[in-house]
J.: 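The structure that follows is given in the form of structure tokens.
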Amino acid sequence: PGSSPREKYDRFAGIMPDGSYLCAGTVGWEVWEEGKRGEAEAKGLSVTRHPIKKNSVIVGGHKLFVQRSTDQGKTWDRQEWTVPDIHHITAFPRSTRLLNGTILIPIYSKDATGYRHNFVWISSDEGYNWHLIPTTNKNTKTNDLERVSEGAHSRPRVLYHADKTGNAIHKAALDYLQAQPNVQILTSHMAIDLLTFSHHSTASTDIYKKPACFGAMVLDKNNNSVEAFLASKTILASGGIGQLFLHTTNPKEATGDGIAMAWRAGARCFNLHYIQFHPTALFHESGRFLISEALRGEGAKLYDVNGKDFMKNIHTSNALAPRDIVSRGIHQALIKTNHPCVYLDISHKKPKWIKNRFPNIYNHCINIGVDITTTPIPVVPAAHYSCGGIGVDLYGKTSLKRLYAIGEVSCTGVHGANRLASTSLLECLVWGYIAGKNATNNKNNYSIPKITSWIQEKEDIDPALISQDWLTIKNTMWNYVGLV
């Protein structure tokens, strides 16, 4: 099928849920593959394979296309884009179909001057309409930034800052926000409930309005008072749920409050059972601490208490296998050896290099008596990331009008059931930017009703009971909804 006799079935991408056929591919005036010249024939790209060979050279008039047939291939609707200049196709990866139905087709290329030209085809309606989006600044050379490999990555592609990339991004964002005169940052405040028409409006007929959020009830921990923060748009960025588990790499604030608030307000939540466990959290009486996967990316090895490299017989990628495989491999090793932890060893590297590359991990470990330049690090798996959450679209919008969610509290469909290392930072930045832009672009005057006052309880609470309840929840989640 197709508009050219040279366009073959090898471009067939699959049958969509509505029964239509979807194809995607490239057409060029000349195609050079591995030094051999070919005519201007179509090369396919499907959701399951990538027949365009690595290091192909597309010369002049190179077009990208996506086309769909709703009559079993008799006629086709086609969209085309012309890609300028000469490109070396350095990668034509498999397309990705997100859990929310969005289709992404990445194209990685490099021109003759060494500049990277990356593009993404993106469709949010099962392939009916497509947009071609450049994803790299044309002035960015491919070798300007250092990259590291992490678990399940096929090559070093992760940009990093020492061993605290997230913290570096966080600091830059906070520094910028604190310099803005129209931004107020409130610390020691905690959102406890989302404001909705059906739950908080004093007008009884508001329960018939379309569900919408118009702010949040917020606890001021300085004086234990609760105040309503009214807003035309509300964005949840409250993090994950790691503290529901006995062992976690998450901070103490990651108690799932955002998901709980959205659930009570009526927003759709997806895949809440998709919890990723990180293989290497520090095993120490002082508490759990994330030992970054980047150590294994830089050559650190996992050993059991007997010094056996147990991952060698479990996966061809050894300690850089996907996180779920490594975590279960460690779990098996703990059972076999009847020992509470395994050991991650990077001491074969030079001490100066270790201190410069992993300053945060080195300082934390040395403060508790573990010198990682000479001693293996005791590690165990721990709850790390919630891949599910509040369902959102490509703009971060939830099913509840005027409510957005970004970061770990959300479920974009990017991660599936087992997040690829370091993609959470990318997701947070991309959806954070897009959601913020979308929320501020719409200048509609949204209605905000009169609301019922917060009723402050005065009864004393026994902290011992709360502590016991928390411990019960953590043990139940770890033992019954945990790693295995």
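Model, not experiment: these values are computed from the prediction. All residue numbers in this chain count up from 1 along the given sequence.
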J.: Under 4.0 Å between a Lys/Arg side-chain N and an Asp/Glu carboxylate O for Glu427 and Arg419?
T.: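 No.
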J.: Any sub-3.5 Å donor-acceptor pair from Gln456's side-chain atoms to Asn224's backbone N or O?
T.: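 Yes, the answer is positive, given that a donor and an acceptor are paired below the 3.5 Å cut-off.
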J.: Using a cut-off of 6.0 Å, state whether more than 12 heavy atoms not belonging to Tyr433 lie near its atom OH.
T.: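 Atom OH in Tyr433 is not packed in, count stays at 12 or less.
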J.: Does Lys308 NZ have over 12 foreign heavy atoms under 6.0 Å away?
T.: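 Check fails, neighbour count at 12 or below.
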J.: Do Gln243 and Lys474 come within less than 4.5 Å of each other through their side chains, counting heavy atoms only?
T.: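 Gln243 reaches Lys474 side chain to side chain.
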J.: Within the side chain of Thr398, is there an N or O that forms a donor-acceptor pair under 3.5 Å with the backbone of Leu400?
T.: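 Looks like yes, one N/O pair under 3.5 Å.
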J.: Shortest non-hydrogen contact from Ile390 to Gly258?
T.: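 Answer, listing the atom of Ile390 first, then Gly258: CD1-O, 3.8 Å.
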J.: Is there a side-chain contact between Tyr343 and Thr375 (heavy atoms, below 4.5 Å)?
T.: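 No. Closest side-chain heavy atoms not under 4.5 Å.
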J.: Looking at Arg264, I'd like to know if its CZ atom is crowded, meaning that more than 12 non-hydrogen atoms belonging to other residues, nucleotides or ligands lie closer than 6.0 Å.
T.: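 Yes, because the 6.0 Å sphere around CZ of Arg264 holds more than 12 heavy atoms from other groups.
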J.: Can you establish whether the number of heavy atoms outside Lys401 located under 6.0 Å from its atom NZ is more than 12?
T.: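 It does not: Lys401 NZ has 12 such atoms or fewer within range.
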J.: Measure the shortest side-chain to side-chain distance between Lys312 and Asn318 over non-hydrogen atoms and say whether it is less than 4.5 angstrom.
T.: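 With C-beta onward as the side chain, the pair touches.
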J.: Measure the spacing between OG1 of Thr234 and CG of Leu403 and express it to the nearest 0.5 Å.
T.: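 So the gap between those two atoms works out to 6.5 Å.
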J.: Measuring from atom CG of Asn363 to atom CZ of Phe358, what distance do you get when rounded to the nearest 0.5 angstrom?
T.: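 One finds 13.5 Å between CG of Asn363 and CZ of Phe358.
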J.: To the nearest 0.5 Å, what is the distance between CD (Glu408) and CD (Gln276)?
T.: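 One finds 9.5 Å between CD of Glu408 and CD of Gln276.
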J.: State whether the number of non-hydrogen atoms from other residues, nucleotides or ligands found under 6.0 Å of Leu186 atom CG is greater than 12.
T.: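 Yes, the 6.0 Å shell around CG holds more than 12 heavy atoms from other groups.
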J.: Using modelled atom types and a 3.5 Å cut-off, is there a donor and acceptor pairing between side-chain atoms of Arg296 and backbone atoms of Ser292?
T.: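 The answer is no, because no donor-acceptor pair under 3.5 Å joins these two groups.
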J.: Will you find, in the side chains of His200 and Asp193, an N or O donor that is under 3.5 Å from an N or O acceptor?
T.: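 Side chains of His200 and Asp193: pair found under 3.5 Å.
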J.: Would you check if His315 and Pro322 make a side-chain contact, meaning some heavy-atom pair closer than 4.5 Å?
T.: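 His315 reaches Pro322 side chain to side chain.
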J.: Mark yes or no for whether Ser386, through its side chain, and Ile241, through its backbone, hold a donor-acceptor pair below 3.5 Å.
T.: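 Such a contact is absent between Ser386 side chain and Ile241 backbone.
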J.: Is Tyr446 close to Lys233 at the side-chain level, that is, under 4.5 Å between some pair of heavy atoms?
T.: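 In short, these two side chains touch, coming nearer than 4.5 Å.
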J.: Specify the closest pair of heavy atoms between Ala333 and Val342, including all atoms of both residues, with the distance to one decimal.
T.: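 Shortest heavy-atom separation between Ala333 and Val342 comes out as CB-CG1, 4.1 Å.
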J.: Find the distance between CG (Asp469) and OG1 (Thr472) and round it off to the nearest 0.5 Å.
T.: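 Those atoms lie 6.0 Å apart.
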J.: For Asn475, does its backbone N or O pair with a side-chain atom of Asn479 as donor and acceptor, under 3.5 Å?
T.: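 Yes: the side chain of Asn479 pairs with the backbone of Asn475.
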J.: Between atom CG of Leu282 and atom SG of Cys365, what is the distance when rounded to the nearest 0.5 Å?
T.: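 These two atoms lie 5.0 Å from each other.
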J.: State, yes or no, whether a side-chain contact exists between Arg323 and Tyr385 at a heavy-atom distance under 4.5 Å.
T.: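 Arg323 vs Tyr385: side chains apart.
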J.: Might you work through the side chain to side chain contact (heavy atoms under 4.5 Å, CB included) test for Leu194 and Leu236, ending with a clear yes or no?
T.: CA-CA 10 Å; Leu194 294 176; Leu236 280 174; 4.1 Å; yes
J.: If you count the non-hydrogen atoms of other residues, nucleotides and ligands that lie under 6.0 Å from CH2 in Trp478, is the total more than 12?
T.: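 Yes, CH2 of Trp478 has more than 12 neighbouring heavy atoms, counting only those of other groups under 6.0 Å.
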J.: Of all the heavy-atom pairs spanning Arg357 and Ala294, show the shortest one and how long it is.
T.: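 Nearest heavy atoms, Arg357 then Ala294: NH2-CB, 3.7 Å.
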J.: Check for a donor-acceptor pair, side chain of Asn250 on one end and backbone N or O of His384 on the other, with a separation under 3.5 Å.
T.: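 Present.
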J.: Kindly say whether Phe277 contributes a backbone atom to a donor-acceptor pair with the side chain of Ser327 at under 3.5 angstrom?
T.: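 Confirmed, Ser327 side chain pairs with Phe277 backbone.
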J.: Do Thr165 and Leu159 have side chains that approach each other closer than 4.5 Å (heavy atoms only, starting at C-beta)?
T.: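 The answer is no; the side chains never approach within 4.5 Å.
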J.: Go through Ile169 and Leu429 one step at a time and tell me if the side chain to side chain contact (heavy atoms under 4.5 Å, CB included) criterion holds.
T.: CA-CA 9 Å; Ile169 296 172; Leu429 288 171; 3.7 Å; yes
J.: How far apart are the closest heavy atoms of Ile325 and Ala321, and which atoms are they?
T.: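 Smallest interatomic distance, heavy atoms only, reads CG2-CB, 4.1 Å.
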J.: Give a yes or no on this: more than 12 heavy atoms of other residues, nucleotides or ligands lie within 6.0 Å of atom CG of Asn338.
T.: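 Check fails, neighbour count at 12 or below.
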J.: Just verifying a value: how many Å separate Met311 CE and Tyr303 OH, rounded to the nearest 0.5 Å?
T.: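 It is 13.0 Å, given to the nearest 0.5 Å.
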J.: Are His415 and Tyr274 an aromatic pair by the rule of ring centers under 6.0 Å?
T.: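 They do not qualify: ring centres at least 6.0 Å apart.
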J.: Could you check Ile361 against Ile291 for side chain to side chain contact (heavy atoms under 4.5 Å, CB included), going step by step and ending with a plain yes or no?
T.: CA-CA 7 Å; Ile361 294 173; Ile291 304 299; 3.9 Å; yes
J.: Any idea which heavy atoms bring Thr196 and Phe214 closest together, and the distance?
T.: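 Closest pair (atom of Thr196, atom of Phe214, distance): C-CE2, 3.3 Å.
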J.: Evaluate the side chain to side chain contact (heavy atoms under 4.5 Å, CB included) criterion for residues Trp470 and Leu244: first the C-alpha distance (whole Å), next the side-chain angles of each, then the deciding distance (0.1 Å), finally the verdict.
T.: CA-CA 8 Å; Trp470 260 120; Leu244 300 184; 3.8 Å; yes
J.: Main chain of Gly329, side chain of His331: is a donor-acceptor contact present, judged purely on distance under 3.5 Å?
T.: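 No, the answer is negative, given that no donor and acceptor are paired below the 3.5 Å cut-off.
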J.: Which heavy atom of Gly396 sits nearest a heavy atom of Ala435, and at what distance?
T.: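 Here Gly396 and Ala435 meet closest at CA-CB, 4.4 Å.
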J.: Return yes when atom CZ of Phe229 has more than 12 non-hydrogen atoms of other residues, nucleotides or ligands closer than 6.0 Å, and no otherwise.
T.: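 More than 12 heavy atoms, drawn from other residues, nucleotides or ligands, come within 6.0 Å of this atom.
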J.: Would you say that Cys269 contacts Ile259 through its side chain, given a criterion of any heavy-atom pair below 4.5 Å between the two side chains?
T.: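 The answer is yes; the side chains approach within 4.5 Å.
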